[in-house]
Amino acid sequence: MTIRLLLISNLLLFVAPLSAQDNYKLGPDSMVQDKVPQGSVTQHKWTSKKVFPGTVRDYWIYVPKQYNGRTPAAIMVFQDGGTYVNTKRQFRVPTVFDNLIHKGGMPVTIGIFINPGVIPATRKGARPRRNRSFEYDTLSGQYARFLLEEILPEVSRSYKLTDDAELRAIGGISSGGICAWSVAWERPDKFRKVLSHVGSFTNIRGGHHYPAMIRKTERKPIRIFLQDGTNDLDNLHGSWPLANRQMAAALKFTKYDYRFVMGTGGHNGRHGGAILPESLQWLWRGWNGKSGSKDKAK
């Protein structure tokens, strides 16, 4: 009995510090605030007929209360949209948008939250095939085309969206993070702001090549916020903390407008969610024409 209690005690001593490493707390800008206008969220479904033919997916549109239907709104797209739009989970993007738009920390922005596509099963009892890794981890302009040729034209049928690349942002977590970078990298004429949470810049489908590509390519007009944790994944695809450090080093070398924040968490959204308001304010700084900070990562 004594040995058993000792083993349990030692296990708790080992687990407690690991739990504390991910013990990030949400701040006031992630909470619903009195007297702050709340935007609306609607859910939709899309079947791709052009870029990812045959795939179906859910997507959500957030429209801030301040949107008047006359002035084109800024845009921010999120991959793994269900993760970001859920106001009961860690990111709570609609609530953060409400608070930041209200106090001028970001422009009036329509949020587009898109789930990865699935290919429906063709026979009874079979499972649908997930298209997430192909869409997100592939180093190409295909996903950018999907947004520009399918999703944004569809959303534009109902809402006025800006054509200004400086007012178009894109973000995601894990493979959705590298996907966000790929979109801006391939089409900086359309998207110039990137938010990456625990981004998968590893060798899932060649993402580990990005640091070298960044160093050897003329700087593109992209602003990027990178977040990762020292306890992120380390597996056959590579080390996520190392890959994000290499991205940050390459961005610094090529003099990009970037910020890199390394926490102590793992492969999840706890740290990214806790610093989401700060991340968005940094990403959108200077949006109203005022001079913004030029601070880089340290």
Problem set entry | Audit row: Leu276, His197, side-chain contact (heavy atoms from CB on, under 4.5 Å) steps and yes/no | CA-CA 10 Å; Leu276 180 63; His197 294 125; 4.2 Å; yes
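- Met213 is linked by a side-chain contact (heavy atoms from CB on, under 4.5 Å) to Leu139, Trp185, His209, Tyr210, counting only residues two or more places apart in sequence or in another chain.
- Residue Ile214 is not grouped with residue Leu242 when hydrophobic side chains (ILVMFWY) are merged at heavy-atom distances under 4.5 angstrom, including chains of intermediate members.
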Problem set entry | From CA spacing to verdict: side-chain contact (heavy atoms from CB on, under 4.5 Å), Asp29, Lys103 | CA-CA 10 Å; Asp29 281 330; Lys103 67 182 185 179; 2.8 Å; yes
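- Scanning all heavy atoms of the two residues, the minimum distance from Leu195 to Ala180 falls at O-CB, 4.3 Å.
- Residues in residues 35-51 take part in these salt bridge (charged side-chain N to carboxylate O under 4.0 Å, His left out) pairs, two or more places apart or across chains: Lys45-Asp58, Lys50-Glu149.
- By the side-chain contact (heavy atoms from CB on, under 4.5 Å) test, Ser133 pairs with Asp137, Ile204, Arg205, sequence neighbours left out.
- Between the Asn231 side chain and the Thr264 main chain, a donor and an acceptor come within less than 3.5 Å of each other.
- A distance-only check finds a donor-acceptor pair linking the side chain of Arg192 to the backbone of Pro188 [under 3.5 Å].
- The number of heavy-atom neighbours closer than 6.0 Å to CZ of Arg215, taken from other residues, nucleotides and ligands shown, is above 12.
- Remark: His208 pairs with no residue by the ring pair (Phe, Tyr, Trp, His ring centres under 6.0 Å) rule, at least two apart or across chains.
- The pair Glu150-Arg145 fails the salt-bridge criterion, with no side-chain N (NZ, NE, NH1 or NH2) lying under 4.0 Å from an Asp/Glu carboxylate O.
- Applying the salt bridge (charged side-chain N to carboxylate O under 4.0 Å, His left out) definition to pairs two or more places apart or across chains, those involving residues 62-84 are Asp80-Arg132.
- With sequence neighbours left out, the salt bridge (charged side-chain N to carboxylate O under 4.0 Å, His left out) criterion links Arg245 to no other residue.
- Using bins of under 30°, 30° to 60° and over 60° for the plane-to-plane angle, the ring pair Phe134/Phe52 lands in the perpendicular bin.
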Distance-only criterion, 3.5 Å: show the donor-acceptor pairs between side-chain atoms of residues 110-125 and protein atoms not counting sequence neighbours.
{"residue": "Asn115", "atom": "OD1", "partner": "Gly81", "partner atom": "N", "Å": "3.3"}
{"residue": "Asn115", "atom": "OD1", "partner": "Gly82", "partner atom": "N", "Å": "2.9"}

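- Trp240 meets the ring pair (Phe, Tyr, Trp, His ring centres under 6.0 Å) test with His267; sequence neighbours excluded.
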Exercise. Yes or no on side-chain contact (heavy atoms from CB on, under 4.5 Å) for Val194 and Ile170, after CA distance, side-chain angles and deciding distance?
Worked result: CA-CA 5 Å; Val194 176; Ile170 185 166; 4.3 Å; yes
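- A donor atom on one side chain and an acceptor atom on the other are found under 3.5 Å apart for Ser200 and Ser174.
- Under the 3.5 Å distance criterion, the side-chain polar atoms of Gln33 are matched with a main-chain donor or acceptor of Pro28.
- For His237, there are no ring pair (Phe, Tyr, Trp, His ring centres under 6.0 Å) partners at least two apart in sequence or on another chain.
- Applying the side-chain hydrogen bond (donor to acceptor under 3.5 Å, both in side chains) rule to Arg157 yields the partners Glu154; only residues at least two apart in sequence or on another chain are considered.
- For the residue pair Asp98 and Tyr62, a side-chain donor N or O sits within less than 3.5 Å of a side-chain acceptor on the partner.
- Evaluation of the salt bridge (charged side-chain N to carboxylate O under 4.0 Å, His left out) test over residues 266-277, restricted to residues two or more places apart or in two chains, returns Asp22-Arg270.
- Annotation for Phe253: hydrophobic cluster partners, listed by chain and number, are none (ILVMFWY side-chain heavy atoms under 4.5 Å, direct or chained).
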